[in-house]
Amino acid sequence: MESTIAEIEVQRYEAYMNSGVSWVKEIPAHWELKKGKWLFQKQDRPVRASDDIVTCFRDGQVTLRINRKTEGFTNALKEHGYQGIRKGDLVIHAMDAFAGAIGVSDSDGKATPVYAACVPRISGSVNPYFFAYLLRNMAKTGFIESLAKGIRERSTDFRYSDFGELELTCPPLEEQTTIVDFLDRKTAQIDQAIAQKKRLIEQLQERRQILIQRGVTRGLNPDVPMKDSGMDWIGQIPAHWEVKKLKYVVKILKRIANATGIDVLSITQRGVKVKDINSGEGQIALDYSKYQLVFRGEFAMNHMDLLTGYVDISNFDGVVSPDYRVFTLTNSKFDKHYLLRLFQLCYKCRVFYAYGQGVSQLGRWRFPAENFNDFIIPQPPHGEQQEIADAIDKIELASDKSINQAELQIKKLREYKSILINAAVTGKIKVC
DNA sequence: CAGTTAATCACAATAACCAG
DNA sequence: CTGGTTATTGTGATTAACTG
């Protein structure tokens, strides 16, 4: 933590004193500690006819709801107790303050009664943006949550009255503004760097997908002569490849266990995993004896929902839901790992989706056995299948490495950002 | 009664369970 | 096999139930 702070040119204030409050040990000697209520006053404004709803998000942005998103909200039948919000108000969201829902509004509008709209007690005497940074920092460090009186998870109820009793670090006004400007600048830089890393990850994932797709459907040699495949989802394939219906390649199995005590497997989007049925998590079946057997090396597929389902080769002996599809390779001219890549591609690129059936395309879109059996796949020579599968393994390994690295960098940037904000608003560092 | 506090809703995503 | 349903989580709200 200290070493991360050292990355910026650390400048300390000349003198410090004990703060006397629990959440910060010492503060610059010329700063003051003031209760929230001496600095800010709660406003109770009537709602105007033209007001739109202002929302305070957990990242601290306080803006018209429609600026961020328009869906996923319900509208009140009668906006009982609603209040006016004005641009520049320090807004505290009593329910979600513990998670950082505190900020300065960038718009005029109205909000629900769980919001507190605060203005400086003496106009122009404090910079609300400084205190928004400070309070969000107190949320991030868990201090606001520690004040909770209620029992349920979101009961923190950090209301104006609680805010009013807090002793807040209060630098001179010019310093508040200097700190705000500094943090605005720095956090914008950090956010930009994070956005860049996120784009990089997207690009890596996209590129990986393209390479996998190319390998599976066209092979590794780009110069090989091509022919029409007759499969609408591929188009052309190498001229020396063949095609086969799945029923000549794999066989669907259904072996009901009629016994319990066997490991229950779950088919997740990260592969087949052993499910912990004693943890109380997820859905639990009344009767596991009707589950079907899966042996190591066999395929298991969630064909119940072509949107959220997936397919994998099991690394475990166990049982899965009888609603799932277990099948095994029966054609010695095919390589298991090439097939798996092909199937997984068909999920990710919504190829199977086109062959689905059901009442709802959202959540209930199945892949009927008949369509599965008649599904036509490319058949490269066996040795080439192995080469393709090996090449894809390598691609995946390399891109995983880059993606993990970028994710780690994002994590570090986020940490750095909160450490920086913490240091600036509590006077651990002097900014200029 | 108004203002708080507790409970509940909505919606999306994931991974299924169950009855006929 | 088909159609209907569910548990859980996160994050934005709304609304019912208390309390003085």
Side-chain angles (χ1 to χ4, degrees), chain A residues 42 44 52-83 91-101 103 109-116 139 147-162 252 254 264-277 279-292 300-312 319-325 347 356-373:
Chain A
K42 184 175 186 300
D44 286 296
D52 284 322
I53 290 184
V54 163
T55 290
C56 180
F57 293 89
R58 291 180 176 202
D59 59 8
Q61 194 187 15
V62 184
T63 192
L64 290 175
R65 184 193 276 184
I66 49 170
N67 289 351
R68 281 275 289 256
K69 52 179 188 173
T70 51
E71 285 170 3
F73 293 104
T74 46
N75 290 312
L77 293 170
K78 39 182 181 180
E79 294 175 343
H80 186 78
Y82 271 50
Q83 52 176 328
V91 174
I92 300 170
H93 185 323
M95 260 175 102
D96 290 339
F98 77 97
K110 62 186 172 187
T112 88
V114 296
Y115 285 25
L147 303 171
K149 303 173 289 282
I151 23 168
R152 73 184 203 285
E153 205 171 83
R154 289 170 78 185
S155 69
T156 306
D157 293 316
F158 184 67
R159 306 198 72 85
Y160 173 77
S161 54
D162 306 291
I252 298 175
K254 181 144 285 187
V264 176
L265 306 179
S266 176
I267 305 171
T268 77
Q269 293 182 355
R270 271 154 281 98
V272 169
K273 295 186 166 170
V274 178
K275 181 168 170 170
D276 181 1
I277 55 170
S279 71
E281 279 167 30
Q283 294 175 83
I284 303 298
L286 290 174
D287 182 8
Y288 280 106
S289 70
K290 293 289 172 279
Y291 266 46
Q292 61 173 325
M301 169 190 264
N302 173 353
H303 66 295
M304 273 168 62
D305 176 4
L306 286 171
L307 272 181
T308 63
Y310 205 45
V311 55
D312 192 18
V319 288
V320 292
S321 166
D323 274 355
Y324 285 163
R325 181 166 295 150
Y347 265 95
Q357 265 175 36
V359 280
S360 158
Q361 294 191 228
L362 281 172
R364 295 299 319 294
W365 194 244
R366 287 185 159 107
F367 194 15
E370 197 184 341
N371 295 0
F372 174 80
N373 280 324

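Every chain is numbered from 1 and lettered A, B, ... according to where its sequence line falls, protein lines coming before strand lines.
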Salt bridge (charged side-chain N to carboxylate O under 4.0 Å, His left out) filter on A/Asp287, not counting sequence neighbours, yields none
Those residues at least two apart in sequence (or on a different chain) that pass side-chain contact (heavy atoms from CB on, under 4.5 Å) with A/Gln61 are A/Asp59, A/Thr63, A/Arg68, A/Asp106
Taking C/dA13, B/dA16, C/dC1 as options, the one with an atom nearest any side-chain atom of A/His93 is C/dA13
Here the distance between atom P of B/dA15 and atom CG of A/Leu306, to the nearest Å, is 14 Å
Closest non-hydrogen contact found for A/Ala97 with A/Ile92 is CB-CG2, 4.3 Å
Separation of C/dT11 atom C1' from A/Asp59 atom CG, nearest Å, is 12 Å
- Phosphate contact (B/dC17 OP1 or OP2) by A/Ser321 side-chain N/O below 4.0 Å: yes
Nearest heavy-atom contact between A/Ala139 and A/Gly100 is CB-N, 3.7 Å
The nucleotide from C/dC1, B/dT14, C/dA13 with an atom nearest the side chain of A/Gln269 is B/dT14
Sorted by chain and residue number, the salt bridge (charged side-chain N to carboxylate O under 4.0 Å, His left out) partners of A/Asp96 (sequence neighbours excluded) come out as A/Arg58, A/Arg154
At 4.0 Å (heavy atoms only), tell me whether A/Tyr115 reaches a base, stays on the sugar-phosphate, or touches nothing. sugar-phosphate
From CG of A/Asp305 across to P of B/dA15 the rounded distance in Å is 10 Å
A/Lys275 atom NZ is separated from C/dA7 atom P, nearest whole Å, by 13 Å
From CD of A/Gln83 across to P of B/dT4 the rounded distance in Å is 10 Å
When rounded to whole Å, the OH to P distance for the pair A/Tyr160 and B/dG3 reads 16 Å
Q) B/dC17 phosphate, OP1 or OP2: any side-chain N/O from A/Tyr324 under 4.0 angstrom? A) no
Residues at least two apart in sequence or cross-chain that pass side-chain contact (heavy atoms from CB on, under 4.5 Å) with A/Ser161, listed by chain then number, are A/Arg159
side-chain contact (heavy atoms from CB on, under 4.5 Å) filter on A/Asp323, not counting sequence neighbours, yields A/Met304, A/Ser321
Of A/Arg58 and A/Lys254, the one whose closest nucleotide on DNA chain C sits nearer the 5' end is A/Lys254
Per-helix bend value, the helix from B/dC1-C/dG20 to B/dG20-C/dC1, C1' rotation axes over five pairs per end, 10° rounding, shows 60°
Taking B/dA16, B/dT5, C/dT11 as options, the one with an atom nearest any side-chain atom of A/Arg159 is B/dT5
Atom NZ of A/Lys290 and atom C1' of B/dA16 are separated, to the nearest Å, by 19 Å
Distances under 3.5 Å between protein N/O atoms and the N/O atoms of nucleotides 18-20 of chain B, please, pair by pair.
unit_1 : atom_1 : unit_2   : atom_2 : d
B/dC18 : OP1    : A/Leu286 : N      : 3.1
B/dC18 : OP2    : A/Leu286 : N      : 3.3
B/dC18 : N4     : A/Asp323 : OD2    : 2.6

Check: Between A/Ser266 and B/dA16, does any side-chain N or O lie under 4.0 Å from OP1 or OP2?
Finding: yes
Considering only heavy side-chain atoms of A/Gln357, the closest of C/dT14, C/dT2, C/dG12 is C/dT2
Contacts of A/Tyr115 meeting ring-ring contact (aromatic ring centres under 6.0 Å, His included) (sequence neighbours excluded), chain-then-number -> A/His93
Heavy atoms of A/Gly271 and A/Asp312 approach each other most closely as CA-OD2, 3.3 Å
C/dT14 OP1/OP2 closer than 4.0 Å to side-chain N/O of A/Tyr82: yes
Here the distance between atom P of B/dG3 and atom CE of A/Met95, to the nearest Å, is 19 Å
A/Tyr82 meets the ring-ring contact (aromatic ring centres under 6.0 Å, His included) criterion, sequence neighbours left out, with none
